Amino acid sequence: MPLLTNLLIIFAVLGIINTCYLILNRIKKKSLICPINGDCNKVVKSKYSHIFYVYNDNLGFIYYLLVLITAIFLFSSKNTLFFMKIISGIALLVSIFLFFIQARVLKSHCFYCSLSNLLNLAIFAIFLVL
């Protein structure tokens with residue numbers, strides 16, 4: 001299991017870096033540099049960029065921090081593991097929904113959002129195996 005724990009830590013740190021980049025650019029009102037041919041700014045500035053007045057990047061940061069803390073400190077508890085399976089499943093469902101919004105409604109993709117989607121899928125898969 002140490003390999004899976006290490007992967008969780010790596011994915012959580014990548015998620016934290018990704019969301020920090022998004023948060024800092026939003027606060028500074030800077031445009032995102034999109035390494036793919038999408039329009040990241042269109043996606044992150046859309047009406048779907050927040051849930052109940054809380055920005056998705058803030059929610060992502062909290063989620064990845066929770067995954068990191070769980071992977072480092074709280075892994076021994078079965079209750080914690082069950083809780084994280086539920087939370088990571090919810091995060092994956094939200095990611096799928098937001099990916100659908102990008103593809104069908106906004107008709108534009110954001111590299112950073114897609115990175116979060118892949119990280120959420122990987123984190124969910126790891127928690128499912130544990």
Side-chain angles (χ1 to χ4, degrees):
M1 294 302 167
L3 172 66
L4 295 179
T5 303
N6 290 338
L7 283 174
L8 275 177
I9 291 169
I10 291 168
F11 294 151
V13 169
L14 287 173
I16 289 169
I17 292 168
N18 186 45
T19 55
C20 282
Y21 174 75
L22 292 170
I23 291 166
L24 289 173
N25 278 287
R26 178 174 43 80
I27 290 170
K28 292 180 179 181
K29 299 183 193 256
K30 292 175 90 178
S31 292
L32 298 173
I33 299 168
C34 193
I36 59 175
N37 287 334
D39 187 357
C40 293
N41 294 300
K42 178 181 178 182
V43 174
V44 299
K45 293 178 181 178
S46 75
K47 68 179 184 178
Y48 302 100
S49 66
H50 55 275
I51 299 171
F52 303 118
Y53 305 104
V54 179
Y55 285 98
N56 295 342
D57 50 16
N58 289 336
L59 292 173
F61 177 80
I62 293 166
Y63 170 67
Y64 294 123
L65 190 60
L66 181 63
V67 170
L68 182 63
I69 291 168
T70 300
I72 293 173
F73 298 112
L74 305 172
F75 229 16
S76 59
S77 167
K78 287 191 182 262
N79 289 337
T80 302
L81 191 57
F82 177 75
F83 174 74
M84 287 309 296
K85 286 179 182 184
I86 301 290
I87 296 298
S88 64
I90 292 169
L92 181 61
L93 289 174
V94 170
S95 290
I96 292 168
F97 172 74
L98 291 174
F99 182 80
F100 173 80
I101 293 295
Q102 287 182 70
R104 299 293 182 179
V105 178
L106 300 174
K107 295 183 175 33
S108 186
H109 289 282
C110 170
F111 169 78
Y112 309 99
C113 303
S114 297
L115 176 59
S116 284
N117 293 342
L118 290 173
L119 290 171
N120 292 346
L121 176 62
I123 289 169
F124 175 75
I126 291 170
F127 276 123
L128 207 57
V129 170
L130 294 173

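Because the structure is a prediction, the values reported are computed rather than measured.
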A.B. asks: Looking just at side-chain N and O atoms, do Ser108 and Asp39 make a donor-acceptor pair shorter than 3.5 Å?
C.D. replies: no
A.B. asks: Quick one: does any side-chain atom of Lys107 pair with a main-chain N or O of Arg104 as donor and acceptor, under 3.5 Å?
C.D. replies: yes
A.B. asks: Is Leu93 isolated, or which residues cluster with it under the ILVMFWY side-chain rule of less than 4.5 Å, directly or via members?
C.D. replies: none
A.B. asks: Under 3.5 Å, side chain of Gln102 to main-chain N/O of Val43, donor-acceptor pair present?
C.D. replies: no
A.B. asks: Evaluate side-chain contact (heavy atoms from CB on, under 4.5 Å) for Tyr63 paired with Ile90, printing each intermediate quantity in order.
C.D. replies: CA-CA 11 Å; Tyr63 170 67; Ile90 292 169; over 6 Å; no
A.B. asks: side-chain contact (heavy atoms from CB on, under 4.5 Å), that's the test. Do Ile126 and Phe11 meet it? Break it down for me.
C.D. replies: CA-CA 10 Å; Ile126 291 170; Phe11 294 151; 3.7 Å; yes
A.B. asks: Would you check if the side chain of Lys85 reaches a backbone N or O of Leu130 as a donor-acceptor pair within less than 3.5 Å?
C.D. replies: yes
A.B. asks: Counting N and O atoms only, with roles assigned by atom type, does the side chain of Asn18 sit under 3.5 Å from a partner on the main chain of Leu14, one being a donor and the other an acceptor?
C.D. replies: no
A.B. asks: Measuring from atom CD1 of Ile16 to atom CD1 of Ile62, what distance do you get when rounded to the nearest 0.5 angstrom?
C.D. replies: 11.0 Å
A.B. asks: Can you give me the closest heavy-atom contact between Lys47 and His50, atom names plus distance?
C.D. replies: O-CE1, 3.6 Å
A.B. asks: Can you name the closest pair of heavy atoms from Ser116 and Ser95 and give their distance?
C.D. replies: O-OG, 4.5 Å
A.B. asks: Measuring from atom CZ of Phe83 to atom OG1 of Thr70, what distance do you get when rounded to the nearest 0.5 angstrom?
C.D. replies: 8.0 Å
A.B. asks: Of all the heavy-atom pairs spanning Asn41 and Ser31, show the shortest one and how long it is.
C.D. replies: OD1-CA, 3.4 Å
A.B. asks: According to a hydrophobic-cluster definition based on side-chain heavy atoms being under 4.5 Å apart (Ile, Leu, Val, Met, Phe, Trp, Tyr only), do Leu121 and Val94 belong together?
C.D. replies: no
A.B. asks: In Å and rounded to the nearest 0.5 Å, what is the CD1 to SG distance from Ile101 to Cys113?
C.D. replies: 12.0 Å
A.B. asks: Are Ile17 and Tyr21 connected in the hydrophobic side-chain network, where two residues link if heavy atoms are under 4.5 Å apart?
C.D. replies: no
A.B. asks: To the closest 0.5 Å, what do you measure between CG (Leu4) and CZ (Phe127)?
C.D. replies: 10.5 Å
A.B. asks: Quick one: CG on Leu106 to CZ on Phe100, what's the gap to the nearest 0.5 Å?
C.D. replies: 11.0 Å
A.B. asks: Please give me the minimum heavy-atom distance between Ser88 and Phe124, naming the atom from each residue.
C.D. replies: OG-CD1, 3.5 Å
A.B. asks: When hydrophobic residues are tied together by side-chain contacts of less than 4.5 Å, even through go-betweens, does Ile123 share a cluster with Ile86?
C.D. replies: no
A.B. asks: For side-chain contact (heavy atoms from CB on, under 4.5 Å), just list the numbers for Val44 and Tyr55, CA-CA rounded to whole Å, side-chain angles, deciding distance to a tenth of an Å, and then say yes or no.
C.D. replies: CA-CA 9 Å; Val44 299; Tyr55 285 98; over 6 Å; no
A.B. asks: Is it the case that the side chain of Asn56 and the backbone of Tyr48 share a donor-acceptor pair, with hydrogens and angles ignored and the cut-off at 3.5 Å?
C.D. replies: yes
A.B. asks: Counting N and O atoms only, with roles assigned by atom type, does the side chain of Ser49 sit under 3.5 Å from a partner on the main chain of Lys45, one being a donor and the other an acceptor?
C.D. replies: no
A.B. asks: Are there over 12 heavy-atom neighbours, none belonging to Ile36, within less than 6.0 Å of that residue's CD1?
C.D. replies: yes
A.B. asks: I'd like to know if the side chain of Asn120 reaches the main chain of Leu92, judged simply by a donor and an acceptor atom lying under 3.5 Å from each other, with no hydrogens or angles considered.
C.D. replies: no
A.B. asks: Do Ile33 and Ile27 belong together in a cluster built from hydrophobic side chains that touch within less than 4.5 Å?
C.D. replies: no
A.B. asks: Determine, stepwise, if the pair Leu66 / Met84 fulfils side-chain contact (heavy atoms from CB on, under 4.5 Å).
C.D. replies: CA-CA 9 Å; Leu66 181 63; Met84 287 309 296; 3.9 Å; yes
A.B. asks: Do Ile23 and Leu119 belong to the same hydrophobic cluster, where Ile, Leu, Val, Met, Phe, Trp and Tyr are linked whenever their side-chain heavy atoms lie under 4.5 Å apart, directly or via other members?
C.D. replies: yes
A.B. asks: Just how far is it from atom CG of Leu22 to atom CG of Leu32, taken to the nearest 0.5 Å?
C.D. replies: 6.0 Å
